[in-house]
Amino acid sequence: MNVLPKGVRHIPGHLGRREQEDLVEDVRSVVRAAPLFQPVMPRSGKPLSVKMTNCGELGWVADRSGYRYQARHPDSGEVWPPIPERLLKLWKEVSGHDAPPEACLVNFYSETAKMGLHQDRDEEDFTAPVVSVSLGDDCLFRVGERDRDGRTTSIKLRSGDVVILGGEGRLSFHGVDRIYPSTSTLLKNGGRINLTLRRVTKPA
DNA sequence: AAGTTTCG
DNA sequence: TAGT
């Protein structure tokens, strides 16, 4: 019986179809304002397979210089568009955290995209959880513990699912091993969108 | 360093 | 630029 690591919560089907469609509209408008860019590995410049953008006061970027949060789009130099209301509402529903999210990373996975096992650790504040929303095709999500060599568990994430990494689970290693093409009709061109809401700065 | 590969 |  494979249980999720402590502090990792999976809420299958948290969002209904209509809410998912509304969120896709929100994402479309974010992408219009802040076009997807191709993140690359620090130093090597090797591209990640996902495309990404952000909304919120801060956005996560990856380039040859490193990983960091910044207030502006790396290509356009524009500030990121605001986090859509319905994501702020979702955060209030599930995060158990008073302060609103400062960053929402938008990752787009093509049929072949993956994300290696990693920690979300570029934030200054680990007291707030990470809240993530899946839209579109199913994926195989793998989650472990705070140490890279800890036990890992794989679960299938479907469109409308929410995953929360909080408390002991805040620094859990996690990644996406594969996308299951054509498993959702939410996105016309297929693929998967992941939205990740985070606090970045230290609490006052 | 959030890659890839391999493994679990 | 994750519908035309």
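Proteins get letters first, then strands, A, B, ... in listed order; numbering begins at 1 in each.
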Looking at E85(A) and K89(A), is there a salt bridge between them, counting it only when a charged N and a carboxylate O are closer than 4.0 Å?
no

inquiry  = Under 4.0 Å, counting only non-hydrogen atoms across every strand here, what does D177(A) touch: a base, just sugar-phosphate, or nothing?
reply    = base

Taken to the nearest whole Å, CD/E123(A) to P/dA2(B) is 13 Å

- Item | Residues R68(A), D122(A): salt bridge by 4.0 Å N-O rule | no

Under 4.0 angstrom, heavy atoms only, what part of the nucleic acid is V40(A) near: base, sugar-phosphate, or nothing? nothing

Atom NZ of K51(A) and atom C1' of dG3(B) are separated, to the nearest Å, by 14 Å

Between CZ of R148(A) and C1' of dC7(B) the distance, given in whole Å, is 13 Å

Winner on side-chain proximity to K46(A), out of dA2(B), dT4(B), dT1(C), is dT4(B)

Using a cut-off of 4.0 Å on non-hydrogen atoms, how would the nucleic acid contact of G66(A) be classed: base, sugar-phosphate, or nothing?
base

Between CZ of F173(A) and C1' of dA2(B) the distance, given in whole Å, is 10 Å

Whole-Å distance, K188(A) NZ to dG3(C) C1', equals 6 Å

Using a cut-off of 4.0 Å on non-hydrogen atoms, how would the nucleic acid contact of V24(A) be classed: base, sugar-phosphate, or nothing?
-> sugar-phosphate

Taking dG3(C), dA2(B), dT1(C) as options, the one with an atom nearest any side-chain atom of L36(A) is dT1(C)

**Request:** Quick one: label L117(A) by what it contacts on the DNA or RNA (base, sugar-phosphate, nothing), any heavy atom closer than 4.0 Å.
**Result:** sugar-phosphate

Taken to the nearest whole Å, CG/L135(A) to C1'/dG3(C) is 15 Å

H73(A)-F37(A) aromatic ring centre distance below 6.0 Å: yes

Inset, instruction - Check whether the aromatic ring of Y109(A) stacks on the base of dA2(C), taking stacking as ring centres less than 5.5 Å apart and planes within 30° of each other. - result: no

Q) With sugar-phosphate meaning primed atoms plus P, OP1 and OP2, does R43(A) contact a base, only sugar-phosphate, or nothing at under 4.0 Å between heavy atoms? A) base

- [ ] Using a strict cut-off of less than 4.0 Å between a Lys/Arg side-chain nitrogen and an Asp/Glu carboxylate oxygen, indicate whether D125(A) and K202(A) qualify as a salt bridge.
- [x] no

To the nearest angstrom, the NE2-P distance between H174(A) and dA2(B) comes to 11 Å

Which part of the nucleic acid, if any, lies within contact of L48(A), taking any heavy atom under 4.0 Å across all strands shown: a base, the sugar-phosphate backbone alone, or nothing?
sugar-phosphate

Ranking dA1(B), dA2(C), dA2(B) by distance to the side chain of P42(A), first place goes to dA1(B)

Here the distance between atom P of dG3(B) and atom OH of Y67(A), to the nearest Å, is 6 Å

Applying side-chain hydrogen bond (donor to acceptor under 3.5 Å, both in side chains) to K51(A) and not counting sequence neighbours gives Q38(A)

For this session: Give one of base, sugar-phosphate or nothing for S154(A), where a contact means two heavy atoms less than 4.0 Å apart.
Result: base

Checking dT4(B), dA2(C), dA2(B) against the side chain of M115(A) (C-beta onward), the nearest is dA2(B)

So, are D120(A) and R170(A) salt-bridged, with charged N and O less than 4.0 Å apart?
no

Of the candidates dG3(B), dT1(C), dA2(C), the side chain of M41(A) sits closest to dG3(B)

